[in-house]
Amino acid sequence: TQKLMDDPIYQRYVDPVIKEIERHYDSELTVEALSRQVFVTPQYLSRLFRRFLNCSTYEYLTAFRIRKAKEFLITNSRLEIQHIAQKTGFSDASHFIAVFKKITGMTPLEFRKLN
């Protein structure tokens, strides 16, 4: 991955978008908005993400949000699923649950029970 960090294309387009995702994953980020920040098309940005990280921009954003959701589920057992959905940038709880299940193979509640 060190070679990755040294790649000027990675530094110019992918890295700033990753930092933006890490800072603002809880807000309504779209691939369109992220790509505008680095002045490329959403398609080109996703191609770069796939080249460097083996996933699309959207897949990276979603995986990052689910990782954060898992942290909330484990560290804050009283936090409602709907609230976790909001805190991780999902527009509604049912969409969050569907995406969570697709990525992890279980619902957020099942995940919380296991942990």
Side-chain angles (χ1 to χ4, degrees):
T1 49
Q2 189 50 49
K3 210 172 83 207
L4 203 74
M5 306 306 170
D6 295 338
D7 190 303
I9 292 176
Y10 178 88
Q11 287 178 347
R12 185 168 184 180
Y13 300 112
V14 179
D15 193 51
V17 170
I18 287 174
K19 286 186 170 76
E20 184 68 14
I21 288 171
E22 288 171 354
R23 272 197 303 269
H24 300 291
Y25 66 89
D26 57 341
S27 54
E28 273 189 53
L29 289 179
T30 63
V31 176
E32 287 74 25
L34 290 165
S35 62
R36 273 199 303 272
Q37 291 189 341
V38 289
F39 309 103
V40 294
T41 65
Q43 296 80 1
Y44 183 66
L45 185 62
S46 276
R47 265 208 310 280
L48 292 177
F49 262 76
R50 199 162 291 292
R51 181 168 127 201
F52 289 110
L53 302 168
N54 217 13
C55 63
S56 72
T57 314
Y58 178 76
E59 286 165 344
Y60 184 91
L61 171 61
T62 304
F64 189 85
R65 284 175 163 164
I66 295 299
R67 241 188 356 262
K68 285 291 173 188
K70 285 176 172 178
E71 288 173 23
F72 287 126
L73 285 163
I74 292 168
T75 59
N76 200 332
S77 59
R78 291 174 188 273
L79 208 54
E80 290 176 30
I81 299 303
Q82 189 160 3
H83 202 68
I84 292 174
Q86 286 170 346
K87 283 171 77 79
T88 51
F90 288 91
S91 49
D92 64 89
S94 57
H95 179 237
F96 165 65
I97 292 165
V99 171
F100 192 97
K101 187 169 174 125
K102 187 178 168 206
I103 289 180
T104 65
M106 59 185 99
T107 67
L109 284 175
E110 290 166 343
F111 178 84
R112 181 178 264 166
K113 282 191 191 112
L114 276 178
N115 293 279

- How far apart are the C-alpha atoms of Val17 and Leu48, what are their side-chain angles, what is the distance that settles it, and do they pass the side-chain contact (heavy atoms from CB on, under 4.5 Å) test? CA-CA 11 Å; Val17 170; Leu48 292 177; over 6 Å; no
- Steps toward side-chain contact (heavy atoms from CB on, under 4.5 Å) verdict (Phe111, Ile74): CA-CA 9 Å; Phe111 178 84; Ile74 292 168; 3.7 Å; yes
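Among all heavy-atom pairs drawn from Pro16 and Gln11, the shortest one is CD-O, 3.2 Å. Closest non-hydrogen pair, Leu45 versus Tyr13, comes out as CD1-O, 3.9 Å. The two atoms that bring Val14 and Phe52 nearest to each other are CG2-CD1, 3.8 Å, heavy atoms only. Of all non-hydrogen atoms in Leu79 and Arg112, the two that sit nearest each other are O-NH2, 2.8 Å. Residue Ala69 comes nearest to Thr88 through the heavy atom pair N-CG2, 3.7 Å, listed as atom of the first residue, atom of the second, then distance. Across all non-hydrogen atoms, the minimal contact from Ala93 to Ala85 is CA-CB, 4.0 Å.
Contact of the Thr30 side chain with the Tyr58 side chain is not registered, since no non-hydrogen atoms from C-beta on lie closer than 4.5 Å. Inter-residue side-chain proximity for Ile9 and Arg51 is flagged as met; some heavy-atom pair is nearer than 4.5 Å. In this structure, Arg47 and Thr41 have side chains that are not in contact, with every pair of non-hydrogen atoms separated by 4.5 Å or more.
Not counting sequence neighbours, Lys102 has no partner by the side chain to side chain donor-acceptor pair (under 3.5 Å) test.
Under a hydrophobic-cluster definition in which Ile, Leu, Val, Met, Phe, Trp and Tyr are linked whenever side-chain heavy atoms come within less than 4.5 Å, directly or via other members, Tyr60 and Phe90 are assigned to the same cluster. If you chain together hydrophobic residues whose side chains sit under 4.5 Å apart, Val99 and Ile81 fall into the same group. In terms of hydrophobic clustering, with Ile, Leu, Val, Met, Phe, Trp and Tyr side chains grouped at heavy-atom distances under 4.5 Å, Ile103 and Val31 are assigned to different clusters. The same ILVMFWY cluster, assembled from side-chain heavy atoms under 4.5 Å apart, contains both Phe100 and Phe64.
Among pairs with a residue in residues 12-22, those fulfilling salt bridge (charged side-chain N to carboxylate O under 4.0 Å, His left out) read Asp15-Lys19, Glu20-Arg23, at least two apart in sequence or across chains. Residue pairs that meet the salt bridge (charged side-chain N to carboxylate O under 4.0 Å, His left out) test with at least one member in residues 65-88, sequence neighbours left out, are Lys68-Glu71.
The distance from the CG atom of Asp26 to the CD1 atom of Ile21 is 12.5 Å, given to the nearest 0.5 Å. Rounding to the nearest 0.5 angstrom, the gap separating the CG atom in Leu34 from the CG atom in Leu61 is 6.5 Å. Once rounded to the nearest 0.5 Å, the distance linking CG of Asn54 with CD of Glu59 reads 9.0 Å. Interatomic distance, Tyr44 OH to Phe49 CZ, rounded to the nearest 0.5 Å: 12.5 Å.
Just one of Leu109, Ile84, Leu114, Asn115 meets the side-chain contact (heavy atoms from CB on, under 4.5 Å) condition when paired with Leu73; it is Ile84.
The neighbour count for Glu32 CD, taken as heavy atoms of other residues, nucleotides or ligands under 6.0 Å away, is above 12.
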